[in-house]
Amino acid sequence: MNQSSFSPALAEDYSDIIVRKVQFSSVSDQMASSSLADLADLAAKSASLLSQEVNEEYSIVYAPLSDHLSTVEEIGYSSVPKLFTEINVVSLEASGILSARIQSFLNLSGAGVLMGFLDSGIDYTHPAFRNDDGTSRILRLWDQSDTRGTPPAGLSYGTEYTKDMIDRTLFSGSIASFPENNEAIECEAFPAKTEIVPAPAPYLDSRGHGTAVAGIACGSPDAGEGFTGAAPMCSIAFVRLKSAKQYLRSYFRIPENAVAYQENDLMLGIRYLTDCAAQLGMPLVICVSLGTNQGGHTGQTPLEKTLDAALRTPGINAVTGTGNEVGLDHHYRGTPLRMGDVTEAELLIGQETQGFSLEFWAAKPELYRLGFTSPLGETISPILPANGFSRDFSFLLETSQITITWGNTGPFDGDQVILMRFQNPTPGIWRIRIVSSAPSNGFFHLWLPIHGFVDPQIRFLTPDADTTLVIPSCAMSPVSAGTWNAYNNSLFLHSGRGYTRNGIVKPDFVSPGVQVTCPAAGGSYTSITGSCAAAAVTAGAAALLFEIGLRQNPPRYFFAEELKNLFLRGVRQRGSLAYPNQNWGNGEMNLSGIFQSFPSHFSSGNI
């Protein structure tokens, strides 16, 4: 059962390339002709490339790093996987979930619904993920980094574990004696079977983030601990994401100890979860509790488009959190400029910063040039952009180096993006000079990396708190939840704000996310605060709505837009505010408000 074939998805000497298909007959043709990746000689090299399909629109291609197919200047901005991290830094009552669950005519629990997660892992031994008889509520588990077993059908790396295999482990009596080196173990309690099983926590969730998020969304009730998940009878499918490859960490200059996952692994995780739902014949709610600032914040990244595509199928919904970026000074917005006008964005860089990346975005057909002034007064004059052009800049009196890559997001979007990568920057105030090279009717934006990917001392001196929601919460179809403090009835201080750069109303609404009780890896309970908690609460509420549809005759599988509209029917709004707005979206999530709006409608079994 152990994997013997080579897996480029796990190989550090292979690059991962996101390819958007353009109606070609083979991956070689797609790649050679794709304007998202300027790869003139790729057809000749295609024999050395391996690919993995995400959906009808995207594929992942793996190329040896020696082929020089890994950077923005080599394959285009959209083709380089962006890096994502965790978005975390009372609640069920405040969101109306408990009052909805205890309605005599509803008695909701999420039964019959599959909840999908893409995260750090899950402690499958925890009581929060087990039935009353001790069996697991986890039906499928794909560990992307585990090479001991068989990958999921149609996928080329990692190991898939089923409920049967997990139950064998739970009842084998061998959990406490698993070796720390994570070698394969056979369950002696089932001598007729020889499947290997995953090692227990903390191996499957050493960080505890995935365990916490899954528990908030759908953890089993524990009366002794006063705990229940939002939808405690949901079945679970989980993708334990592998860590990002070193070449991407180095390229984007994120800290060595940063928790980072690759965009393409999340995209394939979405494929896996939707495949599981189809095989099991269950509606699916995908909870995405990760985020990034890399991308144009218009809902057009490959991950966001993959989510949108998945949600076109009835019975599939997704929830994302808007992040915790407000107050961290990671976003700058510039006002419209006349052709030839100049403005400056001031960036404070602290001591001992080794490096970081920074992105500039502007909508077509606007065009800008960038220049720099260091804290010591050395200047780089604004440079005329050229698509796909990259240039290194050094300074005479300091060790600072800036690599600037100009480009756009391809013919499907066309926005201007400039990637700046700083190495050993001199501490102090840097000035970025922005010069308009074409008539401008819009705004330009700069984003520093998300919290965790950049030194907290790096910040803009005149930041903009709006458009601080993280990707993928800019996607059109998923429910995007901001974070609300149910304890003091206020917006959470760091809750990511909308709207998107192209004016889409996000967040859709806000959900409780402060000091939310959750399971901790190892069997205990704790609490977490942040966007990940708000996303998990909302995902549980979505599962309860799906359950209502399953009770119809015949069962009703909601489209994502229908489910979102039901949520919006129940939101609480404050008379002193105008809605929608960048902070609260359309209001505060209130699941019971949906049923209060249509009491006879729901009690009669109609939708």
Item to check | Electrostatic pair Glu346:Arg431 at N-O distance under 4.0 angstrom | outcome: yes
Checklist entry - Can a donor-acceptor pair be found between the side chains of Asp119 and Ser289 at a distance below 3.5 Å? => result yes
Next on the checklist: Evaluate Ile458 against Phe422 for side chain to side chain contact (heavy atoms under 4.5 Å, CB included), listing each step before the verdict.
Outcome noted: CA-CA 12 Å; Ile458 300 177; Phe422 288 72; over 6 Å; no
Next on the checklist: Would Arg140 and Tyr272 count as a cation-pi pair here, with the cationic atom under 6.0 angstrom from the ring centre and within 45° of the axis?
Outcome noted: no
Next on the checklist: For the CD atom on Gln354, are there more than 12 heavy atoms of other groups (residues, nucleotides or ligands in this structure) within a distance under 6.0 Å?
Outcome noted: no
Next on the checklist: I want to check something: taking the side chain as every heavy atom from C-beta on, are Ile418 and Thr405 in contact at a cut-off of under 4.5 Å?
Outcome noted: no
Item to check | Leu347 vs Leu358, side chain to side chain contact (heavy atoms under 4.5 Å, CB included): CA-CA, chis, key distance, verdict | outcome: CA-CA 11 Å; Leu347 184 66; Leu358 173 66; 4.3 Å; yes
Item to check | Lys/Arg N to Asp/Glu carboxylate O, Asp466 vs Arg333, below 4.0 Å | outcome: no
Checklist entry - When you look at CD of Glu256, are more than 12 heavy atoms from neighbouring residues, nucleotides or ligands closer to it than 6.0 Å? => result no
Item to check | Evaluation steps, side chain to side chain contact (heavy atoms under 4.5 Å, CB included), between Trp361 and Gln416 | outcome: CA-CA 6 Å; Trp361 285 86; Gln416 182 186 14; over 6 Å; no
Checklist entry - Do the charged groups of Arg271 and Glu53 touch, with an N to O distance under 4.0 Å? => result no
Checklist outcome for this item: Tested for side-chain hydrogen bond (donor to acceptor under 3.5 Å, both in side chains) against Tyr161, the lone hit among Thr150, Asp146, Asp143 is Asp146
Item to check | Arg20 bridged to Glu57 by N-O distance under 4.0 Å | outcome: yes
Next on the checklist: Between Arg207 and Asp205 (salt bridge meaning N to carboxylate O under 4.0 Å), is one present in this structure?
Outcome noted: no
Item to check | Donor-acceptor pair, side chain of Glu263 and main chain of Lys82, under 3.5 angstrom | outcome: yes
Checklist entry - Does the distance from a Lys or Arg side-chain N to an Asp or Glu carboxylate O, for Lys242 and Asp265, drop under 4.0 Å? => result yes
